[in-house]
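Accompanying notes for the structure given below.
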Amino acid sequence: MRSFHLVYLIIFAGLYLITGLGAYLNLIRIICNKKFKISYWCCSISFILFLFFLYAYQDQPKEATNYLYFFYFNALLFTDLIVKITLSVFFVLSLPVQKKKVVSYMGVIMASSIGAVMLYGLLLGRNEIKISRQELEFNSLPSAFDNFKIVQISDSHLGSFRKSNKMLTRVKDKIRRIDPDLVLFTGDLVNNYAEETKGWTDIFNQLNSGGKSFSILGNHDYGDYSTWENKEKKAANFEKIVMANKRMGFKLLRNENRVIHRGKDSIFIVGVENWGLPPFPQHANLEKASVGIPQNAFKILMTHDPAHWETAIKETGNYQLTLSGHTHGMQWGIKAAGIPFSLAWLIEKKWGGLYRYGDTFLYVNTGLGSVGIPWRIDMPAEITVITLTNKKS
């Protein structure tokens with residue numbers, strides 16, 4: 001877990017209290033009694049104190065292995081902050097008008113609606129699952145692989161799930177019913193620690209029992225988001241994550257490839273280590289990963305960050321299909337006129353779904369788990385089903 005500098009915590013606390021004052025001034029126009037005033041400020045101060053306890057107390061963040069304490073607190077604090085900001089904005093808007101109380105009521109309605117949506121994402125939205133189906137046609141696909149069915153999953157971030165959580169069991173059951181020819185996992189098995197993988201081996205082994213399964217590493221799998229006592233402990237944690245992939249039934253590809261045969265025909269699965277724009281690490285080696293692959297072979301590339309495709313892959317035309325994850329669709333989105341949108345677009349232009357450049361495709365899966373805040377608002381956990389077809393068939 002990243003440590004927050006004390007100065008930033010103090011600045012945040014100050015801004016939080018300012019917005020809290022604006023919200024308070026809005027609310028006391030409607031609810032004006034002593035008990036409310038005391039309860040309001042006790043709750044606000046409690047949030048600040050708990051924030052400092054979690055993020056400034058000695059070694060607490062960098063030694064934390066149970067992310068749920070942080071994630072759920074982050075969700076509640078952020079929801080509270082957004083509600084307070086909304087109320088504060090309506091308080092300011094009410095200052096020049098005569099019917100100040102009417103504007104205050106409007107603020108309460110708006111803030112309550114926003115808060116309800118955020119709490120829905122925390123309590124229910126994070127357990128929703130969508131199955132996205134794509135049928136892609138290729139001239140270069142060997143005829144024996146016509147109607148070849150691939151399931152892609154990504155970004156499980158196992159530390160974001162309670163051990164009793166049934167969501168991954170439902171994911172497993174859905175994949176078993178799909179009965180794919182191939183399961184591909186595009187990275188971020190954990191948030192940071194190998195310990196997060198404990199208790200999930202059976203579910204993933206059942207998920208992967210139907211056929212061939214491959215995985216790659218994501219940026220979170222390297223343990224870079226923690227402070228380690230020494231390099232040896234970090235390396236040991238990394239090796240345990242590597243072994244966990246294998247223990248769960250995945251063949252982990254680290255800048256390498258595997259061939260899949262059907263009769264006399266074959267396709268290649270290529271997997272590279274994480275490559276992202278700074279500050280994310282760049283460990284991918286496409287040249288090494290492609291050793292031994294014939295020039296005209298049909299290739300599926302797994303690379304965790306879609307920025308890799310956008311920056312270094314799409315214009316080469318070397319890979320007919322690239323699969324990525326990483327973005328999570330920022331774990332929330334909206335659909336305007338049936339077109340999905342997320343603020344993740346401000347960071348990653350290719351943030352979710354299918355993209356095409358010439359005869360090559362990229363699919364970005366928005367993941368299963370969560371990071372930072374354990375919610376999903378109109379951005380459900382995703383299972384992608386891609387059926388490859390031959391145009392000539």
Side-chain angles (χ1 to χ4, degrees), residues 150-157 182-192 194 197 204 208 212-225 231 234-261 266-327 348 350 357 360-365 367 384 386:
I150 299 168
V151 158
Q152 180 199 5
I153 53 176
S154 193
D155 296 84
S156 57
H157 291 275
L182 188 66
V183 175
L184 301 179
F185 177 78
T186 46
D188 276 0
L189 183 67
V190 299
N191 289 301
N192 215 40
T197 65
F204 277 92
N208 290 322
K212 297 182 182 297
S213 302
F214 297 94
S215 66
I216 57 172
L217 298 169
N219 54 296
H220 280 263
D221 294 323
Y222 294 88
D224 290 337
Y225 301 111
K231 292 181 179 179
K234 182 180 180 182
N237 180 75
F238 177 72
E239 285 306 315
K240 288 178 182 177
I241 292 170
V242 168
M243 293 306 298
N245 275 268
K246 299 176 181 178
R247 192 171 63 249
M248 291 175 172
F250 292 111
K251 296 175 180 66
L252 180 64
L253 300 181
R254 300 178 60 188
N255 295 325
E256 53 192 315
N257 67 79
R258 294 290 185 274
V259 61
I260 297 178
H261 295 284
S266 61
I267 63 174
F268 286 81
I269 309 300
V270 183
V272 294
E273 298 204 38
N274 189 71
W275 188 103
L277 298 174
F280 296 110
Q282 298 183 344
H283 302 302
N285 187 328
L286 286 168
E287 184 177 352
K288 179 182 177 182
S290 299
V291 169
I293 300 178
Q295 184 175 357
N296 296 323
F298 186 93
K299 300 180 289 294
I300 299 171
L301 173 67
M302 296 195 296
T303 181
H304 179 66
D305 193 328
H308 194 198
W309 184 81
E310 182 73 14
T311 305
I313 295 168
K314 71 175 186 180
E315 293 192 10
T316 67
N318 288 337
Y319 300 92
Q320 290 87 343
L321 175 61
T322 300
L323 301 177
S324 297
H326 182 60
T327 71
E348 294 272 6
K350 306 295 187 289
Y357 185 83
T360 66
F361 293 89
L362 165 72
Y363 194 91
V364 182
N365 180 288
T384 309
I386 298 175

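Minimum interatomic distance between Val270 and Ala289 (heavy atoms only, all atoms of both residues): CG1-CB, 3.7 Å. Scanning all heavy atoms of the two residues, the minimum distance from Lys299 to Ile293 falls at CD-CG2, 3.6 Å. Nearest heavy atoms, Asn274 versus Phe280: ND2-CB, 4.4 Å. Residues Asn192 and Asn237 approach most closely at O-ND2, 3.0 Å, considering heavy atoms. Residue Ser324 comes nearest to Leu362 through the heavy atom pair OG-CD1, 3.7 Å, listed as atom of the first residue, atom of the second, then distance.
Proximity of Leu323 to Asn365: side-chain heavy atoms (C-beta onward) are nowhere separated by under 4.5 Å. In this structure, Leu301 and Val272 have side chains that are in contact, with non-hydrogen atoms separated by less than 4.5 Å. For the pair Ile313/Thr360, no side-chain contact is recorded, criterion being any heavy-atom separation below 4.5 Å from C-beta on. Considering only heavy atoms from C-beta on, Met248 stays 4.5 Å or farther from Phe185 through its side chain.
With values rounded to the nearest 0.5 angstrom, Leu252 atom CG is found 9.5 Å from Leu189 atom CG. In this structure, Leu182 CG and Ser213 OG are separated by 7.0 Å, a value rounded to the nearest 0.5 Å. The OG atom of Ser215 lies 9.5 Å from the CD1 atom of Ile153; values are rounded to the nearest 0.5 Å. Annotation: the span from Ile386 atom CD1 to Tyr363 atom OH amounts to 7.0 Å, rounded to 0.5 Å. Atom CD1 of Ile150 and atom CG of Leu184 lie 6.0 Å apart (nearest 0.5 Å). Note that the CE atom of Met302 and the CG atom of Leu321 stand 11.0 Å from one another [nearest 0.5 Å].
Residues satisfying the ring-ring contact (aromatic ring centres under 6.0 Å, His included) test with Phe268, not counting sequence neighbours, are none. Lys251 meets the salt bridge (charged side-chain N to carboxylate O under 4.0 Å, His left out) test with no other residue; sequence neighbours excluded. Applying the side-chain hydrogen bond (donor to acceptor under 3.5 Å, both in side chains) test to Thr186 and every residue at least two apart in sequence or in another chain returns Gln152, Ser154. In terms of the ring-ring contact (aromatic ring centres under 6.0 Å, His included) criterion, residue partners of His283 (sequence neighbours excluded) are, by chain and number, Tyr222. Partners of Asn257 by side-chain hydrogen bond (donor to acceptor under 3.5 Å, both in side chains), not counting sequence neighbours: none found. Not counting sequence neighbours, the partners of His157 by the ring-ring contact (aromatic ring centres under 6.0 Å, His included) test are His220, His328. Not counting sequence neighbours, the partners of Asp224 by the side-chain hydrogen bond (donor to acceptor under 3.5 Å, both in side chains) test are Lys234. A search for ring-ring contact (aromatic ring centres under 6.0 Å, His included) contacts involving Tyr357 returns nothing, not counting sequence neighbours.
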Handout entry: Test log, rule side-chain contact (heavy atoms from CB on, under 4.5 Å), inputs Phe214 and Ile260
Key = CA-CA 11 Å; Phe214 297 94; Ile260 297 178; 4.1 Å; yes

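Using modelled atom types, no side-chain atom of Gln282 and backbone atom of Trp275 make a donor-acceptor pair closer than 3.5 Å. Between the side chain of Asp188 and the backbone N or O of Asn219, at least one donor-acceptor pair lies under 3.5 Å. The main-chain N or O of Asn255 is never found under 3.5 Å from a side-chain atom of Asn285 such that the two would form a donor-acceptor pair.
Residue pairs satisfying the salt bridge (Lys or Arg N to Asp or Glu O under 4.0 Å) criterion with at least one member in residues 268-280, sequence neighbours excluded, are listed as follows: Arg254-Glu273. Legend: salt bridge (Lys or Arg N to Asp or Glu O under 4.0 Å) pairs involving residues 279-297, not counting sequence neighbours: none detected. Within the structure, side chain to side chain donor-acceptor pair (under 3.5 Å) pairs that include any residue of residues 308-322 comprise Ser140-Gln320, Ser290-Tyr319, Thr303-His308, Glu310-Lys314, Glu310-Lys350 (at least two apart or interchain). Contacts classified as salt bridge (Lys or Arg N to Asp or Glu O under 4.0 Å) and involving residues 212-223 (residues at least two apart or in different chains) are not found.
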